[in-house]
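When a ligand or atom number is given, it counts from 1 through the structure's own listing order. Please read these numbers as outputs of a predicted model, since none were measured by experiment.
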Amino acid sequence: MAFAANVLARSFSTSVGRQAAIKHVTVIGGGLMGSGIAQVAAQSGHNVTMVDVSEEVLKKSQANIEKSLMRVAKKKFADKPEEGQTFTKEVLSRISVNSDPAQAAKSADLVVEAIVENIDIKQKLFKTLDENAPQHTIFASNTSSLPIKDIAKATQRLDRFGGLHFFNPVPVMKLVEVIRIPETSDDTFKSLVAFGQAVGKTTVECKDTPGFVVNRLLVPYMAEAIRMLERGDATAKDIDVAMKLGAGYPMGPFELSDYVGLDTMKFILDGWSENFPDQPLFKSSPLLDKMVENGKLGMKSGEGFYTYNKK
Ligand SMILES: C[C@H](O)CC(=O)SCCNC(=O)CCNC(=O)[C@H](O)C(C)(C)COP(=O)(O)OP(=O)(O)OC[C@H]1O[C@@H](n2cnc3c(N)ncnc32)[C@H](O)[C@@H]1OP(=O)(O)O
Ligand SMILES: NC(=O)c1ccc[n+]([C@@H]2O[C@H](COP(=O)([O-])OP(=O)(O)OC[C@H]3O[C@@H](n4cnc5c(N)ncnc54)[C@H](O)[C@@H]3O)[C@@H](O)[C@H]2O)c1
């Protein structure tokens with residue numbers, strides 16, 4: 001049965017054309033990750049449509065992208081500030097915004113989804129996208145923790161579906177994990193790898209396992225740090241200092257949790273705990289649950305384990 005589906009998927013992929021060039025990218029979700037993905041895609045010459053349900057988020061994202069581009073330009077054109085300004089303007093002009101995913105899918109060669117980490121919401125979105133995107137359009141999810149196969153099953157294009165997992169902050173972090181499900185065609189996989197490289201990242205191939213490579217190691221470490229704090233073994237500040245100076249990490253686990261978003265951390269751990277109840281490494285914690293319940297989501301809300309100036 002699985003073999004037959006695979007053969008069908010491959011022949012279909014061949015019939016709609018081999019490894020079509022990706023020129024227009026639609027990014028769904030204009031939050032932390034979506035805005036970063038939109039930025040690097042536009043920086044590397046792609047035309048980009050960034051979609052969010054919230055007009056307010058889209059405005060904020062555009063402003064954040066501009067700020068980030070100015071940081072890039074300052075380095076790239078250190079001796080030629082006017083060229084830096086032109087670069088920033090040109091990149092921004094390649095990004096348009098939209099609040100209707102169905103409409104934005106119509107012009108896409110590739111859709112990268114970076115919305116909230118919730119399987120029902122992602123499936124609902126992909127069903128709509130599938131009904132509206134052209135045949136050749138490839139779909140990818142930036143999910144941190146959900147199985148790509150579960151998201152993909154909302155669509156009729158399993159052969160043109162995969163995972164593209166970027167890291168925060170996207171303009172700086174050099175890795176993209178490329179995830180394939182058994183039905184992902186070779187052409188689709190190659191196109192996803194080529195896109196990851198075109199936006200300037202190093203790619204690694206991952207199986208569709210919980211957390212792929214990075215998060216399978218990183219998230220249990222961050223969760224254990226929170227449990228360490230709960231046990232009263234050390235303060236958040238001291239744990240952060242210890243991991244930065246003792247293990248050479250650029251951020252401690254609490255700084256990083258605030259940076260990733262405590263809601264995202266909780267979505268990841270809750271999902272894994274539900275699917276793997278016997279795995280102690282995947283347990284959420286009462287402290288994390290309470291902070292999220294009280295709207296302490298980390299840097300994005302102005303408060304998490306630390307407090308921040310709200311932008
Ligand atoms: C959970 C998910 O599924 C997966 C994840 O994403 S897990 C999270 C992965 N991310 C990490 O682990 C991040 C760890 N932290 C870091 O690497 C660093 O602390 C950091 C890059 C965020 C900031 O670095 P730091 O040296 O403290 O700050 P800063 O000096 O402001 O920035 C370093 C450089 O990056 C640039 N930079 C930082 N943020 C930027 C942004 N948003 N846009 C453009 N450039 C940026 C700065 O301009 C600077 O460039 P320079 O060194 O050439 O001058
Ligand atoms: N935060 C991280 O460090 C990180 C890193 C890698 C991957 N991820 C993954 O990327 C995805 C997005 O995470 P984030 O941190 O950018 O979250 P975020 O909360 O910053 O942004 C999510 C955005 O999606 C929008 N949204 C929600 N439902 C939508 C819909 N149906 N259509 C269009 N927009 C919708 C929200 O308005 C919000 O702006 C998640 O799957 C997350 O697990 C996060």
Worksheet item: Are side-chain heavy atoms of Leu69 and Gln39 found at a separation under 4.5 Å?
Response: yes
Worksheet item: Is the Phe126 ring parallel, tilted or perpendicular to the Phe139 ring (thresholds 30°, 60°)?
Response: tilted
Worksheet entry | Parallel, tilted or perpendicular: rings of Phe166 and Phe195 (30°, 60°) | perpendicular
Item to complete: With rounding to the nearest 0.5 Å, note down the distance linking CZ in Phe254 to NZ in Lys237.
Response: 13.0 Å
Quick one: table the atom pairs, ligand 2 N or O against protein N or O, below 3.5 Å, distance rounded to 0.1 Å.
{"unit_1": "ligand 2", "atom_1": "1 (N)", "unit_2": "Val260", "atom_2": "O", "d": "2.9"}
{"unit_1": "ligand 2", "atom_1": "3 (O)", "unit_2": "Asn168", "atom_2": "ND2", "d": "3.4"}
{"unit_1": "ligand 2", "atom_1": "8 (N)", "unit_2": "Ser144", "atom_2": "OG", "d": "3.0"}
{"unit_1": "ligand 2", "atom_1": "10 (O)", "unit_2": "Asn142", "atom_2": "ND2", "d": "3.0"}
{"unit_1": "ligand 2", "atom_1": "16 (O)", "unit_2": "Leu32", "atom_2": "N", "d": "3.3"}
{"unit_1": "ligand 2", "atom_1": "16 (O)", "unit_2": "Met33", "atom_2": "N", "d": "2.8"}
{"unit_1": "ligand 2", "atom_1": "19 (O)", "unit_2": "Lys300", "atom_2": "NZ", "d": "3.2"}
{"unit_1": "ligand 2", "atom_1": "20 (O)", "unit_2": "Leu32", "atom_2": "N", "d": "3.0"}
{"unit_1": "ligand 2", "atom_1": "37 (O)", "unit_2": "Asp52", "atom_2": "OD1", "d": "2.6"}
{"unit_1": "ligand 2", "atom_1": "37 (O)", "unit_2": "Asp52", "atom_2": "OD2", "d": "3.4"}
{"unit_1": "ligand 2", "atom_1": "39 (O)", "unit_2": "Asp52", "atom_2": "OD2", "d": "2.7"}
{"unit_1": "ligand 2", "atom_1": "41 (O)", "unit_2": "Ile115", "atom_2": "O", "d": "3.2"}
{"unit_1": "ligand 2", "atom_1": "41 (O)", "unit_2": "Glu117", "atom_2": "OE1", "d": "2.5"}
{"unit_1": "ligand 2", "atom_1": "41 (O)", "unit_2": "Lys122", "atom_2": "NZ", "d": "2.8"}
{"unit_1": "ligand 2", "atom_1": "43 (O)", "unit_2": "Glu117", "atom_2": "OE1", "d": "3.0"}
{"unit_1": "ligand 2", "atom_1": "43 (O)", "unit_2": "Ser144", "atom_2": "N", "d": "3.4"}
{"unit_1": "ligand 2", "atom_1": "43 (O)", "unit_2": "Ser144", "atom_2": "OG", "d": "2.6"}

Practice prompt. Say whether, by atom type as modelled, one donor and one acceptor occur between the side chain of Ser61 and the main chain of Gly30 under 3.5 angstrom.
Written response: yes
Fill in: Where Ser144 and Phe212 come nearest, the two heavy atoms and their spacing
O-CE1, 4.1 Å
Discussion item. Under a 3.5 Å cutoff, is there a donor and acceptor pairing between the side chains of Ser284 and Asp289?
Written reply: yes
Practice prompt. Report yes if the side chains of His136 and Arg160 come closer than 4.5 Å at any heavy-atom pair, otherwise no.
Written response: no
Report every pair formed by an N or O atom of ligand 1 and a protein N or O atom separated by less than 3.5 Å, giving atom names and the distance to 0.1 Å.
{"unit_1": "ligand 1", "atom_1": "3 (O)", "unit_2": "Ser144", "atom_2": "OG", "d": "2.7"}
{"unit_1": "ligand 1", "atom_1": "3 (O)", "unit_2": "His165", "atom_2": "NE2", "d": "2.8"}
{"unit_1": "ligand 1", "atom_1": "3 (O)", "unit_2": "Asn215", "atom_2": "ND2", "d": "2.8"}
{"unit_1": "ligand 1", "atom_1": "6 (O)", "unit_2": "Asn168", "atom_2": "N", "d": "2.9"}
{"unit_1": "ligand 1", "atom_1": "10 (N)", "unit_2": "Asn168", "atom_2": "O", "d": "2.7"}
{"unit_1": "ligand 1", "atom_1": "31 (O)", "unit_2": "Arg71", "atom_2": "NH2", "d": "2.8"}
{"unit_1": "ligand 1", "atom_1": "39 (N)", "unit_2": "Arg71", "atom_2": "NH1", "d": "3.4"}
{"unit_1": "ligand 1", "atom_1": "43 (N)", "unit_2": "Ser68", "atom_2": "OG", "d": "2.6"}
{"unit_1": "ligand 1", "atom_1": "48 (O)", "unit_2": "Arg71", "atom_2": "NE", "d": "3.4"}
{"unit_1": "ligand 1", "atom_1": "50 (O)", "unit_2": "Lys75", "atom_2": "NZ", "d": "3.1"}
{"unit_1": "ligand 1", "atom_1": "53 (O)", "unit_2": "Lys75", "atom_2": "NZ", "d": "3.1"}

Practice prompt. Check whether more than 12 heavy atoms from other residues, nucleotides or ligands sit under 6.0 Å from atom CD of Glu230, and answer yes or no.
Written response: yes
